[in-house]
**Q** 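Once you've had a glance at the structure underneath, I'll fire off some questions.
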Protein chains: 2
Amino acid sequence: MQIEPDLCRVEDALGILVGKWKPIILLHLLNKGTTRFNELKRIVPGVTQRMLTKQLRELEDEDIIVRVVYPQVPPKVEYSISEYGKSLEPILMAMHEWGAAHTLHKMQLTKKKD
Amino acid sequence: MQIEPDLCRVEDALGILVGKWKPIILLHLLNKGTTRFNELKRIVPGVTQRMLTKQLRELEDEDIIVRVVYPQVPPKVEYSISEYGKSLEPILMAMHEWGAAHTLHKMQLTKKKD
DNA sequence: CCGCATCCTACGGGATACTG
DNA sequence: CAGTATCCCGTAGGATGCGG
């Protein structure tokens with residue numbers, strides 16, 4: 001296994017996932033499917049409209065999510081995971097499992113600092 | 001599956017992996033085992049001493065890598081993956097596989113922008 | 001050989017207000 | 001409802017130099 005090509009690939013995936021609200025957005029879209037903007041805003045805890053829009057745009061630019069605008073008043077915009085985006089699920093799951101398995105270890109670490 | 005607890009866990013893993021040089025450092029230590037500071041510096045392309053030290057310290061603080069100092073002149077410091085750190089391998093591998101599988105997709109995206 | 005101290009910059013993230 | 005437009009701040013990352 002060569003190092004440098006691997007680095008690039010790992011960083012590509014990382015680059016897409018990194019962003020304060022991206023994991024929760026993706027997790028929600030993966031679990032619950034198509035979601036409207038305001039519903040996402042309610043679900044993502046404490047996010048501002050500006051930030052939510054920004055994160056969604058970035059994911060859309062990467063072709064991870066799909067944005068559908070219904071030309072009506074009041075506006076309606078729906079977001080969903082793209083086929084491409086679905087391929088990220090194993091990574092998200094690997095992280096989820098890791099986090100679940102190591103919650104204990106983390107608690108032990110914080111304990112040391114007392 | 002609940003959303004919010006999952007978020008935390010995903011972000012914990014993400015938090016550890018994020019850092020400009022962390023993936024390549026971890027990949028190297030996972031593949032090649034124990035490595036001296038200067039060797040890492042040669043291997044990680046374009047990293048400065050300050051940044052390499054910083055990233056290594058952060059990984060050490062998270063208990064992902066182990067730092068061994070040999071009290072001699074000139075100094076010798078060796079870094080290796082901890083047992084805990086090894087548990088990150090599935091995540092790194094998931095990202096690697098994803099990146100490898102989607103190199104094509106990425107090339108098609110850049111093509112669109114022409 | 002390994003690392004710290006200092007100083008600097010760019011950018012991710014945020015608060016707030018306005019609009020089709 | 002679903003966004004932009006401004007202004008602001010902290011911190012990750014970097015350049016450079018000294019020191020045990």
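Below, read A as the first sequence line, B as the second, and so on, with proteins coming before strands; counting in each chain starts at 1. These numbers come from a predicted model, not from an experiment.
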**Q** What pairs meet the side chain to side chain donor-acceptor pair (under 3.5 Å) rule with one or both residues in residues 67-79 of chain A, with sequence neighbours excluded?
**A** A:R57-A:Y79, A:R67-A:Y79, A:Y70-A:E78
**Q** Measure from CE on A:M51 to C1' on D:dG10 and round the result to the nearest Å.
**A** 14 Å
**Q** Map A:E58 and B:E78 onto DNA chain C by nearest heavy atom, then report which one ends up closer to the 5' terminus.
**A**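 First, find each residue's nearest nucleotide; the 5'-ward one identifies B:E78.
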**Q** If you measure from CD1 on A:I24 to CG on A:L92, what distance do you get to the nearest 0.5 Å?
**A** 11.5 Å
**Q** What's the closest nucleotide to the A:T53 side chain, out of D:dT4, D:dG14, D:dA2?
**A** D:dT4
**Q** Taking salt bridge (Lys or Arg N to Asp or Glu O under 4.0 Å) as the definition, give me every residue that meets it alongside B:K20, ordered by chain and number, with sequence neighbours left out.
**A**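 Per chain and number, B:K20 pairs via salt bridge (Lys or Arg N to Asp or Glu O under 4.0 Å) with no residue.
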**Q** Return each pair, listed once, that meets salt bridge (charged side-chain N to carboxylate O under 4.0 Å, His left out) where at least one residue sits in residues 83-94 of chain A; pairs must be two or more places apart or across chains.
**A** A:E83-A:K86
**Q** In whole Å, what is the span from the CG atom of A:L14 to the C1' atom of D:dA12?
**A**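 It works out to 14 Å between those atoms.
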**Q** Checking B:S82 now: which residues fulfil side-chain hydrogen bond (donor to acceptor under 3.5 Å, both in side chains) with it, not counting sequence neighbours?
**A** none
**Q** Grab the CD1-C1' distance between B:I16 and D:dA12 for me, whole Å please.
**A** 18 Å
**Q** Using a cut-off of under 3.5 Å, enumerate the N/O to N/O pairs linking the protein to nucleotides 16-20 of chain D.
**A**
none

**Q** Atom CD1 of A:I64 and atom CG of A:L29: how far apart are they, to the nearest 0.5 Å?
**A** 11.5 Å
**Q** For D:dC1, does either OP1 or OP2 sit under 4.0 Å from a side-chain N or O belonging to A:Y79?
**A** no
**Q** Please give, in whole Å, the distance from D:dG13 C1' to B:L56 CG?
**A**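 Atom-to-atom, B:L56 to D:dG13, this comes out as 15 Å.
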**Q** Is any side-chain nitrogen or oxygen of A:R67 closer than 4.0 Å to OP1 or OP2 of D:dG3?
**A**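 For D:dG3, OP1/OP2 do have a side-chain N/O of A:R67 under 4.0 Å.
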**Q** CG of A:L40 versus C1' of D:dG3: gap in Å, rounded?
**A**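 Taking atom C1' of D:dG3 as the reference, CG of A:L40 is at 14 Å.
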**Q** Could you give the CG-to-P distance, from A:N38 to D:dC1, as a whole number of Å?
**A** 5 Å
**Q** If the helix axis at each end comes from five base pairs, how far does the helix from C:dC1-D:dG20 to C:dG20-D:dC1 deviate from straight, to 10°?
**A** 50°
**Q** Please check the phosphate of D:dG14 (OP1 and OP2 only) for any side-chain N or O of B:K20 closer than 4.0 Å.
**A** yes
**Q** Could you state the interatomic distance from CG (A:L59) to CG (A:L17), rounded to the nearest 0.5 Å?
**A** 9.0 Å
**Q** List the residues meeting salt bridge (Lys or Arg N to Asp or Glu O under 4.0 Å) with A:E58, not counting sequence neighbours, and say none if there are none.
**A**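 Expected list: A:K22.
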**Q** Apart from B:V73 itself, which Ile, Leu, Val, Met, Phe, Trp or Tyr residues share its cluster (side-chain heavy atoms under 4.5 Å, direct or through members)?
**A** none
**Q** Looking across every strand, which nucleic acid part, if any, lies under 4.0 Å from B:K41 by heavy atom: base, sugar-phosphate, or nothing?
**A** nothing
**Q** Throw together a table of side-chain donor-acceptor distances under 3.5 angstrom for residues 38-54 of chain A, partners on residues two or more places apart or in other chains.
**A**
residue : atom : partner : partner atom : Å
A:T48   : OG1  : A:M51   : N            : 3.3
A:T53   : OG1  : A:Q49   : O            : 2.8

**Q** Whole Å only: how far is the NZ atom of A:K54 from the P atom of D:dT6?
**A**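 Rounded to whole Å, this separation is 16 Å.
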**Q** Which is true for A:Q55 with a 4.0 Å heavy-atom rule: it touches a base, it touches only sugar-phosphate, or it touches nothing?
**A** sugar-phosphate
**Q** Not counting sequence neighbours, list each pair that qualifies as a salt bridge (charged side-chain N to carboxylate O under 4.0 Å, His left out) and has a residue in residues 10-19 of chain A.
**A** A:D12-B:K106
**Q** Sequence neighbours left out, what passes ring pair (Phe, Tyr, Trp, His ring centres under 6.0 Å) with A:W21? Give chain and number order.
**A** none
**Q** Both B:W21 and A:V69 contact DNA chain D. Which one's nearest nucleotide lies toward the 5' end?
**A** A:V69
**Q** Which is the 5'-most and which the 3'-most nucleotide of DNA chain C that has an atom under 4.0 Å from a heavy atom of chain A?
**A**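 Using the under 4.0 Å cut-off, the span is C:dG13 to C:dG20.
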